[in-house]
Amino acid sequence: MPSFQDIKYAFFSLMSTIEPKDIIDIAVLAYIIYLLLKLIRETRAGQLMKGIILLIAAYLMSSLLELTVMEYMLGHALDIGLLAMLILFQPEIRRALEQFGQTKLGIKIIGIGTPSNDAKQKWNIAIEAICDSCVELSASCTGALIVIERQTKLGEQIESGTILNAMPSRQIFGNIFYPKTPLHDGAVIMREGTILAAACFLPKAQNDRLIDKSLGSRHRAAIGMSENSDAVIIVVSEETGQISIAINGVLTRDYTREKLKNVLEKEIFYEDPQASENHRKTLSSVFVRRKKK
């Protein structure tokens with residue numbers, strides 16, 4: 001058995017061979033693993049990963065105990081494991097690639113996608129109009145669905161609706177979502193501080209059966225859109241008047257005007273993404289993948 005001095009000598013010998021590029025290599029790999037774990041933490045992929053880990057553990061145990069039949073069967077199961085993972089994790093892999101392409105870290109370092117001063121002025125006006133409209137629609141229990149486009153372009157959804165190219169205002173939103181108007185049934189999509197289209201159809205949520213049964217079609221559409229893009233989706237319930245936001249497949253509820261404005265400013269202007277994430281977790285009153293107790 002090696003002594004403490006031998007271990008100490010081996011450790012320092014190893015450390016002396018490390019170069020700056022090795023540190024960068026390890027840091028990048030650690031960050032990628034962190035992103036993967038963060039991605040699968042709240043999805044069905046998390047449960048599948050547990051099953052794969054148990055399968056690998058069973059294979060190692062059968063090999064250690066020389067259980068020939070079990071080792072043979074588990075070995076062949078692992079041989080086709082890569083193909084099975086690609087099939088089972090297809091939605092999560094697609095989402096991961098999309099998120100790598102729209103990462104806020106790259107946006108902040110390179111500056112790509114950061115709103116210009118003119119865009120910020122337009123968004124400041126738009127945010128005020130959205131907040132005023134949501135409060136008014138909430139008071140009258142008028143249903144509304146507003147999608148704010150960010151890095152992921154929503155051309156497919158825009159084509160399904162009616163192009164408006166209108167400046168946002170409390171009156172415009174009120175007219176669009178008034179129940180007896182032709183455009184009220186569907187979502188409004190906003191781009192660069194402008195109401196680009198109305199009456200747009202949104203994609204269905206990936207795991208619709210896991211969503212809280214008390215949530216209506218607008219909330220489900222908002223969750224589905226947030227799973228398929230980095231958009232910020234605002235929902236006003238026509239049953240309760242409650243204001244909700246869907247981001248990255250997670251729905252948070254019970255927003256006041258002030259809280260809604262704070263979240264929109266953080267998400268649109270990319271101010272401190274980690275603080276924005278913590279803010280959403282703090283405000284969250286329901287997680288859509290669990291039923292209400």
Could you tell me which non-hydrogen atom of Ala198 sits nearest to which non-hydrogen atom of Ile176, and how far apart they are?
CB-CG2, 4.2 Å

Taking the side chain as C-beta and beyond, is there a heavy-atom pair between Ile148 and Ile233 under 4.5 Å?
no

d(Ile130 CD1, Trp123 CH2) to nearest 0.5 Å is 6.0 Å

Say whether, by atom type as modelled, one donor and one acceptor occur between the side chain of Arg220 and the main chain of Leu215 under 3.5 angstrom.
yes

Residue list, side-chain contact (heavy atoms from CB on, under 4.5 Å) with Ser160, at least two apart or on another chain:
Cys200, Phe201

Give a yes or no on whether a salt bridge exists between Arg257 and Asp132, defined as a side-chain N under 4.0 angstrom from a carboxylate O.
yes

Identify the two heavy atoms, one from Met190 and one from Ala126, that lie closest to each other, and give their separation to 0.1 Å.
CE-CB, 3.9 Å

In terms of heavy-atom contacts, does CE of Met167 have more than 12 from other residues, nucleotides or ligands at under 6.0 Å?
yes

Distance-only, no hydrogens or angles: does the Asn165 side chain make a donor-acceptor pair with backbone N or O of Leu196 under 3.5 Å?
no

Could you pull out all residues at least two apart from Ala129 that satisfy side-chain contact (heavy atoms from CB on, under 4.5 Å)?
Pro168, Phe173

Charged N to carboxylate O below 4.0 Å: is that the case for Glu128 and Arg170?
no

Evaluate the side-chain proximity of Met225 to Ile189: yes if any heavy-atom separation is below 4.5 Å, no if none is.
no

Could you tell me whether the side chain of Thr181 and the main chain of Asn175 form a donor-acceptor pair under 3.5 Å?
yes

Using distance alone, with no hydrogens and no angle criterion, decide if Glu239 and Ser237 have a side-chain donor and acceptor under 3.5 Å apart.
yes

List the steps, then state whether side-chain contact (heavy atoms from CB on, under 4.5 Å) holds for Arg191 with Ile158.
CA-CA 10 Å; Arg191 175 186 289 174; Ile158 290 169; 3.4 Å; yes

Residues Gly186 and Leu145: closest non-hydrogen pair is O-CB, 4.0 Å

Which residue, Glu136, Lys259, Lys261, forms the side chain to side chain contact (heavy atoms under 4.5 Å, CB included) with Cys131?
Lys261

Any side-chain heavy atom of Val236 sitting closer than 4.5 Å to one from Tyr255?
no

Can you tell me how far NZ of Lys153 sits from CD of Gln151, rounded to the nearest 0.5 angstrom?
6.5 Å

Please confirm whether the backbone N or O of Pro179 pairs with a side-chain atom of His184, one donor and one acceptor, at under 3.5 Å?
yes

Hey, could you give me the CD/CD1 distance between Glu227 and Ile247, rounded to the nearest 0.5 Å?
13.5 Å

Starting from Val235, can I reach Leu264 by hopping between I/L/V/M/F/W/Y residues whose side chains sit under 4.5 Å apart?
no

Answer yes or no: is there a donor N or O on one side and an acceptor on the other, between the side chain of Thr152 and the main chain of Ser229, under 3.5 Å?
no

Ser226 side chain reached by Val250 side chain, heavy atoms, under 4.5 Å
no

OG/Ser140 to CZ/Phe177 distance, rounded to the nearest 0.5 angstrom?
12.0 Å

Within-4.5 Å side-chain heavy-atom neighbours: Ile245 and Val232
yes

Quick check: does any side chain N or O of Glu149 sit under 3.5 Å from a backbone N or O of Leu154, one acting as donor and the other as acceptor?
yes

Determine whether a donor-acceptor pair (N or O, by modelled atom type, separation under 3.5 Å) exists between the side chain of Asp25 and the backbone of Lys21.
no

Which atom names give the shortest non-hydrogen contact between Ile223 and Ala246, and what distance separates them?
N-CB, 4.2 Å

Can you tell if the side chain of Leu183 reaches within under 4.5 Å of the side chain of Leu164, non-hydrogen atoms only?
yes

Any side-chain to backbone donor/acceptor pair from Ser244 onto Arg253? Under 3.5 Å, distance only.
no

Hey, is Glu192 close enough to Lys122 for a salt bridge, meaning N to O under 4.0 Å?
no

Is there a side-chain contact (heavy atoms from CB on, under 4.5 Å) between Val147 and Gln157 once you walk through the steps?
CA-CA 10 Å; Val147 179; Gln157 286 71 41; over 6 Å; no

